[in-house]
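Taking it in order: structure first as structure tokens, then the write-up.
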Amino acid sequence: MILNFFYNIWLLTNNYKLLLILLPEWIVMSGPSSTNLSATLAKSLNYELHEVETKSFPDGEKKIRINEDVQGKNIIFVQSLYPPVDHHVMQFLLTVYKLSQMGSKVYACVPYLAYARQDLEFQRGETASLAVISRLFRSIGVNSLLTVDIHSTHGLGYFSFPTFSVSAIPLLANYVSNNIKLNSPLAVSPDFGGSSRVEAFSKLLNIDYISLKKSRSRTTGEVVMEDSNVEVAGRDIILVDDMISTGTSIVRAANYLHKLNSGKIITLCTHALMVNNASDVIKEAGVETVIATNTIPSDVSKVDVTKIIAEHYKSIQ
Ligand code: R5P
């Protein structure tokens with residue numbers, strides 16, 4: 001009886017070891033646009049961290065090189081596609097193509113997914129850019145894709161392999177609740193498309209929310225705020241958006257809210273692209289602080305998304 005017990009323990013232990021030997025090894029490979037995030041992710045998952053060697057030629061063409069044997073391995077390749085967008089996209093394509101060709105399984109981690117805003121043919125004759133991205137990703141051998149707060153989850157429908165968008169909104173809400181004092185706070189989405197985002201955020205902090213009606217001319221790109229019947233006088237405002245690019249949407253919203261005698265205004269977003277002089281124009285519009293995550297490394301990256309990315313990979317194993 002006792003012998004039998006020890007024999008069963010021995011069998012279990014050795015089968016477990018055998019399983020560990022048979023399971024493919026997981027590693028994190030850092031893309032050149034996401035070195036810090038790759039490092040914290042590898043540490044959090046306790047995986048080895050590797051780097052892809054990259055080079056740009058004087059004419060702008062890119063070259064990559066994988067310096068280790070990746071055959072049979074599961075690789076989390078982390079490359080955020082922020083500006084210069086096409087430069088990072090090209091590095092991504094060249095790397096994933098080679099990793100697949102060398103016999104590894106590529107789990108693409110693209111914290112900021114570029115081209116996701118043009119996810120429809122908004123005007124006749126335009127290309128839904130995300131449809132092209134999805135085809136490119138598939139053709140080079142992407143096995144699955146993880147991103148953070150994709151512009152619209154509708155866009156995930158273009159991909160014919162598993163895709164996931166995890167949300168940084170709970171992390172941003174947590175940051176606000178631990179670090180910022182606000183008077184009668186009101187969460188505001190600068191446009192109607194962000195309604196579910198601002199609603200989720202406001203529920204976490206148990207505060208009110210509204211969505212402004214923003215219309216943007218598809219030909220000139222000009223953004224106009226439409227009137228909304230909301231009492232904002234005296235209330236501190238948290239503007240919540242998925243991304244800040246030129247800052248135009250935030251500035252228009254801030255101007256509109258100031259006209260209604262709002263209190264102080266802060267703004268939160270997942271992806272701070274901060275194109276051109278976005279920081280300056282936002283500051284000039286009287287916005288006190290910009291708080292963003294590190295999907296795009298910048299001065300305003302105050303919230304780390306490593307945890308939600310690591311949790312995703314732990315859950316799929
Ligand atoms: C638009 O639908 C997005 O959610 C953002 O509001 C927009 O892309 C931000 O761009 P910008 O900062 O140039 O106004």
Side-chain angles (χ1 to χ4, degrees), residues 80-86 88 110-123 126 128-130 133 147-158 165-169 172-173 187-202 209-226 228 237-258 265-293 295-296 298-301 303 305:
S80 200
L81 302 179
Y82 57 86
V85 172
D86 293 344
H88 289 143
V110 182
Y112 169 64
L113 182 62
Y115 288 109
R117 274 178 291 181
Q118 183 80 23
D119 56 3
L120 288 172
E121 181 179 345
F122 293 112
Q123 293 199 96
E126 290 179 348
S129 320
L130 198 58
I133 290 288
T147 187
V148 182
D149 286 325
I150 189 169
H151 178 62
S152 157
T153 47
H154 145 89
L156 296 176
Y158 283 113
S165 174
V166 289
S167 179
I169 290 295
L172 289 163
V188 179
S189 168
D191 64 54
F192 225 69
S195 298
S196 54
R197 187 179 307 119
V198 76
E199 184 180 358
F201 174 83
S202 65
Y209 77 93
I210 55 167
S211 296
L212 300 178
K213 288 195 184 112
K214 174 185 84 174
S215 49
R216 185 193 285 268
S217 161
R218 295 227 171 264
T219 38
T220 63
E222 202 196 337
V223 178
V224 188
M225 303 304 316
E226 289 174 25
S228 138
I237 306 291
I238 312 168
L239 283 168
V240 183
D241 212 341
D242 59 335
M243 70 181 82
I244 299 176
S245 177
T246 61
T248 310
S249 310
I250 294 298
V251 169
R252 296 287 160 108
N255 290 344
Y256 174 73
L257 293 160
H258 276 143
I265 302 180
I266 65 163
T267 186
L268 303 182
C269 71
T270 304
H271 313 291
L273 294 156
M274 304 311 241
V275 173
N276 304 331
N277 56 347
S279 300
D280 295 337
V281 293
I282 289 173
K283 210 168 169 188
E284 279 159 23
V287 174
E288 286 196 6
T289 331
V290 177
I291 297 155
T293 76
T295 57
I296 300 172
S298 79
D299 296 347
V300 292
S301 305
V303 173
V305 293

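Counting starts at 1 for both ligands and their atoms, in listed order. Everything numeric here is computed off the predicted structure, so don't read it as measured data. Values below: every heavy atom of this structure, side chains too, minus hydrogens, waters and symmetry copies.
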Heavy-atom side-chain proximity of Phe201 to Leu268 below 4.5 angstrom:
yes
Point-to-point distance, once rounded to the nearest 0.5 Å, from CG of Asp119 to NE2 of His154
4.0 Å
Candidates Asp149, Asp241, Thr147 - the one meeting side chain to side chain contact (heavy atoms under 4.5 Å, CB included) with His271:
Asp149
Element-labelled atoms of ligand 1 that are located less than 4.0 Å from some non-hydrogen atom of Asp191
1 (C), 2 (O), 4 (O), 6 (O)
Determine, step by step, whether Ser279 and Val290 satisfy the side-chain contact (heavy atoms from CB on, under 4.5 Å) criterion, reporting the C-alpha distance in whole Å, the side-chain angles of both residues, the deciding distance to 0.1 Å, and the verdict.
CA-CA 8 Å; Ser279 300; Val290 177; over 6 Å; no
If you measure from each non-hydrogen atom of Thr248 to ligand 1, which part falls under 4.0 Å: side chain, backbone, both or neither?
both
Using a strict cut-off of 4.0 Å, indicate which atoms of ligand 1 neighbour a heavy atom of Gly247.
11 (P), 12 (O), 13 (O)
Any heavy atom of Arg252 sitting closer than 4.0 Å to ligand 1?
no
Please test Ile150 against Leu156 for side-chain contact (heavy atoms from CB on, under 4.5 Å), starting from the C-alpha separation and ending with a verdict.
CA-CA 8 Å; Ile150 189 169; Leu156 296 176; 3.7 Å; yes
If you measure from each heavy atom of Gly194 to ligand 1, is any distance below 4.0 Å?
no
For Asp242, the atoms of ligand 1 under 4.0 Å from one of its heavy atoms are 3 (C), 4 (O), 5 (C)
Could you tell me whether Arg117 and ligand 1 have an N or O pair separated by under 3.5 Å?
yes
In Å and rounded to the nearest 0.5 Å, what is the OH to CG distance from Tyr115 to Leu81?
9.5 Å
Contacting atoms of ligand 1, where contact means under 4.0 angstrom from a heavy atom of His151
1 (C), 2 (O), 3 (C), 4 (O)
